[in-house]
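Reckoned from all heavy atoms, side chains included, excluding hydrogens, waters and symmetry mates. Everything numeric here is computed off the predicted structure, so don't read it as measured data.
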2 protein chains.
Amino acid sequence: MEPYEIIHKAREQGRSNLTEAEAKILLSFYGVPVVRESIVADENDALEQAGTIGFPLVLKGMGTNLAHKTERELVKVNLRSDEEVRQAYRQVRESAGADWEKCLIQPMVEGKREFVAGLFRDVQFGPVVMFGLGGIFTEAIADVVFRIAPVTKRQATGMMEELSSRKLLTDFRGEAAADREQFIRTLMGLSQLGMEHPEIAEVDINPLIVMRDGRVTAVDALVVINEDDSAVTDGAPSETEAEAKERVGTINAALDVMTHPKSIAVIGAKRSQGKLNLSIFDCIANFGFSGNLYPINPNVTEISGYRAYPDLRSLPERVDLVIISVPAPLVPQALRECVATENKNIHIFSAGFRETAEEVGVGLHKEIETIAQEGRLHVIGPNCMGLYVPASNIVTWPGASEESGPMAFVSQSGGHAQDFTKHAHNSFGINVSKVISYGNALTLDGTDFLEYLAQDDDTRIVGMYLEGIKDGRKLLRLITAINRTKPVIVLKAGLTDSGARAAASHTGSLAGSDKIWNAFFRQSGAVRVDSLEEMAEVAQALLHCGECSGRRLAVIGSGGGISVAAADECSKVGLYLPDLSPELVTKLRRFIPPAGNMIRNPIDHHSMFSDLDILGHTIELVSEESHADMFVISLHLDWLHEFSGHDESDLKRIAGYIATKARTYCKGKPLVVSWRQYADNPETHQWSAILGQALLQGGVPCYRGLSRGLIALSKLAEYHESLRANK
Amino acid sequence: MEPYEIIHKAREQGRSNLTEAEAKILLSFYGVPVVRESIVADENDALEQAGTIGFPLVLKGMGTNLAHKTERELVKVNLRSDEEVRQAYRQVRESAGADWEKCLIQPMVEGKREFVAGLFRDVQFGPVVMFGLGGIFTEAIADVVFRIAPVTKRQATGMMEELSSRKLLTDFRGEAAADREQFIRTLMGLSQLGMEHPEIAEVDINPLIVMRDGRVTAVDALVVINEDDSAVTDGAPSETEAEAKERVGTINAALDVMTHPKSIAVIGAKRSQGKLNLSIFDCIANFGFSGNLYPINPNVTEISGYRAYPDLRSLPERVDLVIISVPAPLVPQALRECVATENKNIHIFSAGFRETAEEVGVGLHKEIETIAQEGRLHVIGPNCMGLYVPASNIVTWPGASEESGPMAFVSQSGGHAQDFTKHAHNSFGINVSKVISYGNALTLDGTDFLEYLAQDDDTRIVGMYLEGIKDGRKLLRLITAINRTKPVIVLKAGLTDSGARAAASHTGSLAGSDKIWNAFFRQSGAVRVDSLEEMAEVAQALLHCGECSGRRLAVIGSGGGISVAAADECSKVGLYLPDLSPELVTKLRRFIPPAGNMIRNPIDHHSMFSDLDILGHTIELVSEESHADMFVISLHLDWLHEFSGHDESDLKRIAGYIATKARTYCKGKPLVVSWRQYADNPETHQWSAILGQALLQGGVPCYRGLSRGLIALSKLAEYHESLRANK
């Protein structure tokens with residue numbers, strides 16, 4: 001039977017599981033090595049087959065209603081004689097009772113190492129392949145990893161390397177290393193099965209036994225098929241390539257208009273309350289928007305010197321962007337007006353929809369969703385801050401920087417859009433090309449904005465704050481592609497509310513959303529960060545540092561305890577401090593005075609304060625003669641303050657030197673500075689800002705504390721590793 | 001045979017291992033459930049014993065030189081007939097070759113779940129007991145936990161709960177829950193064995209099989225004995241209780257004199273270079289030391305107005321504290337002078353000894369060690385900053401706070417002593433009772449300072465920065481005791497250089513130093529922190545918050561994304577956000593306006609800015625009617641700035657309200673504030689400091705960022721959990 005026929009037959013019979021025998025036939029079509037086996041219908045048949053297969057062997061009950069075979073004592077192993085086979089047959093038949101149909105008889109596959117492989121469908125990511133430690137330990141130990149299908153050979157290999165118990169795949173207690181090719185074929189086969197047969201809900205192959213000689217064999221398998229036909233479209237593209245291209249083209253064109261509007265109407269525009277608490281309308285007006293700006297408010301004649309209009313219909317033109325800022329119950333009417341007046345590009349600022357999780361809000365959400373879809377509106381929001389584009393002079397909140405920069409930020413949270421951009425600008429001088437806060441994602445979702453930013457010449461790097469996503473597969477595909485030329489940094493929130501997942505097997509139940517997002521990050525190469533602060537720190541490294549060819553770090557610094565701390569911090573983030581060779585130490589000793597200076601890695605020397613050439617020469621020598629792939633200069637500002645005789649110009653001189661000369665000496669390898677400061681000395685309050693600014697001008701990233709610098713460097717290394725792997 | 005005889009016999013025979021049979025006899029003395037077994041010397045004997053034991057059974061080769069029995073195919077399992085026993089016997093005999101002595105025959109113990117238990121000796125902590133997932137997976141999965149002996153029943157129970165694979169101890173796939181009492185007896189027995197028999201170097205019981213009915217049986221065991229007699233003293237106290245008490249009394253008296261000196265001599269006192277770069281002598285003089293201060297320097301007649309003396313002999317008195325600050329090569333002579341003049345209390349500031357890891361330094365170290373020991377000197381250092389005691393007006397660095405406070409800090413790093421005290425004072429208003437920076441610990445070690453601080457009435461809380469320790473068991477004993485009344489916070493550095501450990505078994509090789517330090521923290525109840533900053537943050541919570549009865553947290557805050565972030569952060573640190581009951585939500589709704597406010601947990605409402613009574617009433621209701629054990633108020637200073645109409649007095653009013661009224665409303669449960677700020681508004685530069693200060697006055701800890709606040713609260717919860725567990 002062909003795969004389709006096997007599945008079709010089961011579905012016709014109204015079954016949700018394939019039998020074990022059907023499952024193995026299906027899986028062997030997809031390259032999974034399964035144990036050869038025979039179906040036997042009576043005792044004599046069993047004895048005859050036993051003679052053909054040879055002892056020891058295994059006999060199992062078989063039947064469409066037989067699950068939990070081990071617990072029901074329907075699996076008899078290690079049968080070594082006709083008599084044992086006969087007894088086993090009778091016992092199984094009795095234990096199975098009315099559920100009994102036939103028996104399976106197969107050779108006893110022996111091996112100490114058992115793995116599990118599987119497939120299930122995630123609500124966001126579609127078919128997902130699983131691999132892990134199998135046998136009875138699967139659930140108790142939960143050493144399992146995931147990849148979103150389609151799984152490439154490299155990814156299948158990566159799954160094996162990611163297992164904590166990967167040692168079991170090598171030579172093990174006198175047994176040969178596992179045949180990795182068989183595992184790779186199995187994982188890629190499961191991926192292909194998942195892609196080709198949306199009717200397959202779950203597959204659970206457990207155990208996959210590694211035999212003494214390293215060969216891999218599946219001795220049991222569970223295949224669950226969808227009972228519900230509606231699920232069957234899952235995984236299949238809902239539109240043709242041409243349709244998709246057209247849709248993307250339309251959306252990109254719309255977003256291009258919205259981010260460079262020549263005219264904006266604000267429905268529900270209000271006067272600000274005094275000079276504080278600026279209204280959205282005044283935020284835009286104050287930010288220097290030079291196009292036509294129309295406040296829509298039937299109750300006033302003007303706002304901030306702009307003539308007010310009672311409704312969209314009264315406007316002299318169709319506008320490039322409509323911002324809706326009326327209470328939620330009035331939004332449907334406003335949207336209908338947009339449809340009627342053919343104003344299609346809309347940002348809904350108003351909140352009070354699905355996010356309230358209350359009946360009224362959810363109802364309103366459905367209503368505006370229908371209006372937007374039928375009217376083919378391009379909607380950013382609702383419940384969001386919309387657009388901040390310095391080059392177009394648009395922003396909806398006060399206090400935003402007017403400078404344009406290379407980073408785009410796409411955020412589901414409006415608060416985060418404000419916080420991140422302020423923080424990145426103030427702390428690291430990072431400015432933005434476009435910021436899109438999109439809240440509930442009524443029509444336009446994160447993936448649409450990514451498509452747009454992918455081809456936006458003003459954007460060199462993309463940050464993203466994600467709570468959820470409608471189409472995880474699309475997100476994966478897009479970020480994987482964009483990340484090759486524009487690094488994508490993602491802060492994924494809400495990992496802990498994975499929610500319960502109904503599942504008939506290990507595969508589904510072990511797939512917490514965090515583990516699948518782990519797979520997402522490994523596959524896409526997106527840089528994962530833990531906070532907005534970390535996003536800015538990593539962005540700074542990605543913007544200013546060149547390629548990072550490895551994870552070996554040299555630290556040059558000063559201050560107590562730095563050596564011990566550096567080793568601990570490196571080990572936390574997966575960086576290494578290579579030893580310096582005795583030859584190199586001898587060379588360094590020639591110009592680094594011995595008193596109070598340690599020449600190891602970290603190199604702890606204070607002389608850099610007194611003679612900068614020593615610092616430069618150190619970097620140059622270490623860059624040439626050690627195996628360091630990157631550098632950190634660690635400064636203790638309190639100490640620097642003392643050593644420099646409290647002289648601010650000394651700080652500037654040091655910062656300037658590092659920003660220009662030291663950077664040259666490191667020969668293009670990443671170089672960052674980390675600083676510490678504990679004293680509360682009025683004279684040094686501004687020192688960190690002065691240092692940061694001077695370094696920034698020379699393109700040297702600067703971090704508060706060694707730990708933050710090392711995290712940024714490890715993410716930089718990770719990004720370049722993923723680039724090399726995806727070449 | 002008694003345990004002593006078994007060990008004695010092996011030692012007499014020059015063996016480093018007990019035989020499997022000896023090992024089992026020894027272990028069964030200590031309560032380890034071992035499989036009953038027989039030693040057989042020939043084939044007929046084997047068949048006869050097989051008849052007595054019954055099938056299935058196991059036959060193993062036995063011999064003093066037989067290791068790696070599985071790999072050498074010397075273990076035959078599941079033998080079911082006389083014929084199989086006969087064959088197995090012959091095969092084993094042949095495989096063992098010249099190493100063969102006898103065979104062991106035992107019933108086949110069957111169970112799906114295999115554990116490992118063991119004992120080994122750590123160089124710092126002495127006998128350490130291990131428990132973990134056993135069988136063939138022990139090394140590949142390394143799910144093992146440790147406790148430093150002696151292991152109490154509660155600690156043995158804790159070891160089981162700490163295993164990742166603890167699910168295997170419960171009902172499992174039709175097999176009964178493991179008999180925990182048997183495991184507890186085994187672990188406590190290993191502990192007792194380790195304490196009573198220092199000759200035992202290692203024990204490795206693997207597997208400890210859990211049978212179908214839950215009973216536990218050890219089917220194999222390895223016992224390694226020390227070949228070297230010098231190791232045999234390990235674990236035994238080197239002094240009597242009375243001797244120890246006298247020693248502690250002497251040291252405490254000396255430390256009391258040193259921390260409250262009436263006279264200090266500084267050997268190698270120098271003039272400061274200008275007003276900057278203060279010398280140690282000037283640091284003390286400037287800090288207002290009111291006792292007799294003697295600079296010792298033969299080349300000058302006075303320093304800073306103090307008459308200089310050429311040497312200790314010339315002083316008019318014996319001094320309470322001698323500080324030695326001469327180059328390392330001159331330190332031995334200075335120490336000899338101390339001995340000659342009976343000046344016994346010494347701080348050696350000078351560096352250049354063992355820490356250089358160079359021959360000259362190591363040699364000098366040995367020299368001064370001998371002088372100090374022979375002269376019965378009390379030495380703090382060398383290579384350290386010594387003492388900082390505000391109440392006695394002594395400190396050796398510039399910029400220290402003159403205020404006394406409740407926290408002592410003991411630090412191996414002098415840099416950290418300065419950094420921590422400045423940071424704790426500046427950021428959290430935490431001042432110190434005594435700071436001891438002790439560097440290389442020539443005679444006085446961290447444990448000595450702890451003994452002193454334990455009985456110091458000025459110290460309510462102790463911080464400790466540790467790189468290494470001479471006597472880990474003493475440290476454990478001391479901290480466990482002190483921690484009951486004075487919380488001890490420890491920053492342990494240098495966890496990653498665990499170094500290779502020669503080991504004949506799993507037990508030793510799996511014991512990375514980090515895992516043993518984990519055991520140390522669990523057993524002592526000391527609060528573990530990751531950085532100096534975290535130490536100050538946690539100290540603030542411990543100083544100001546009362547008992548924390550659980551890990552359920554209510555967050556009341558404002559600002560975008562706080563709900564999602566709070567859930568993620570809580571899950572990272574093991575805190576919980578209990579749902580609010582519908583009744584409670586209804587009550588809160590009565591006075592929290594619906595617009596823009598979410599009544600969940602976190603409760604996200606802006607109205608606290610406009611009407612503080614709403615905030616107070618919220619806390620009061622949640623404290624009474626939810627299950628929250630503690631509270632965080634999360635403030636977004638940028639938003640507060642806007643909502644308050646940029647009015648600083650509003651901030652002060654809010655801070656004051658929280659510090660007094662809100663704290664009352666929370667009914668003694670811990671309450672902390674976390675703040676965020678991203679805008680770089682000159683008006684708000686000082687807002688966080690103003691907030692912090694106002695809260696501090698009311699004893700409310702204040703943290704930058706939710707994450708830092710939650711970490712501090714989780715450590716507070718951890719501390720009180722350990723107090724309750726140790727009651």
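- The salt bridge (charged side-chain N to carboxylate O under 4.0 Å, His left out) test applied to R704(A) returns no partner, not counting sequence neighbours.
- Heavy atoms closer than 4.5 Å to chain B are found in the side chain of F172(A), but not in its backbone.
- At a 4.5 Å heavy-atom cutoff, the contact between S165(B) and chain A is made by backbone and side-chain atoms alike.
- Comparing H423(B), H641(B), R113(B) by heavy-atom pairs within less than 4.5 Å of chain A, the highest count is held by H423(B).
- Interface remark: E175(B) contributes no atoms to any contact with chain A (heavy atom separation under 4.5 Å).
- Using a 4.5 Å cut-off on side-chain heavy atoms (C-beta onward), H425(B) and Y678(A) make no contact.
- A distance of 7.5 Å separates NZ of K492(B) from CG of D568(A), quoted to the nearest 0.5 Å.
- Residue R600(B) touches chain A through its side chain alone, counting heavy-atom pairs closer than 4.5 Å.
- Remark: D579(A) CG is loosely packed, at most 12 non-hydrogen atoms of other residues, nucleotides or ligands lying under 6.0 Å away.
- Contact of Q677(B) with chain A is not made at all, since no heavy-atom distance falls under 4.5 Å.
- Contact count against chain B (heavy-atom pairs under 4.5 Å) is highest for N426(A) among N426(A), T170(A), T421(A), N78(A).
- Salt bridge status for E114(B) with K112(A): absent, with no side-chain N to carboxylate O gap under 4.0 Å.
- Formation of a donor-acceptor pair under 3.5 Å by the D638(B) side chain with backbone atoms of D419(A) is not found in this model.
- For E110(B), the CD atom sits in a packed shell: over 12 heavy atoms of surrounding residues, nucleotides or ligands are nearer than 6.0 Å.
- For E84(A), the salt bridge (charged side-chain N to carboxylate O under 4.0 Å, His left out) test picks out R80(B), with sequence neighbours left out.
- Using a 4.5 Å cut-off between heavy atoms, D143(B) makes no contact with chain A at all.
- With a 4.5 Å cut-off on non-hydrogen atoms, P327(A) does not touch chain B at all.
- Heavy atoms of A679(A) lying under 4.5 Å from chain B belong to its backbone as well as its side chain.
- Between L133(B) and I141(A), the closest side-chain pair of non-hydrogen atoms falls below 4.5 Å.
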- Item | E533(A)/R708(B) under salt bridge (charged side-chain N to carboxylate O under 4.0 Å, His left out): CA gap, chis, key distance, verdict | CA-CA 13 Å; E533(A) 288 82 353; R708(B) 303 312 310 169; over 6 Å; no
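- E139(A) and K167(B) get closest at one heavy-atom pair: O-NZ, 3.6 Å.
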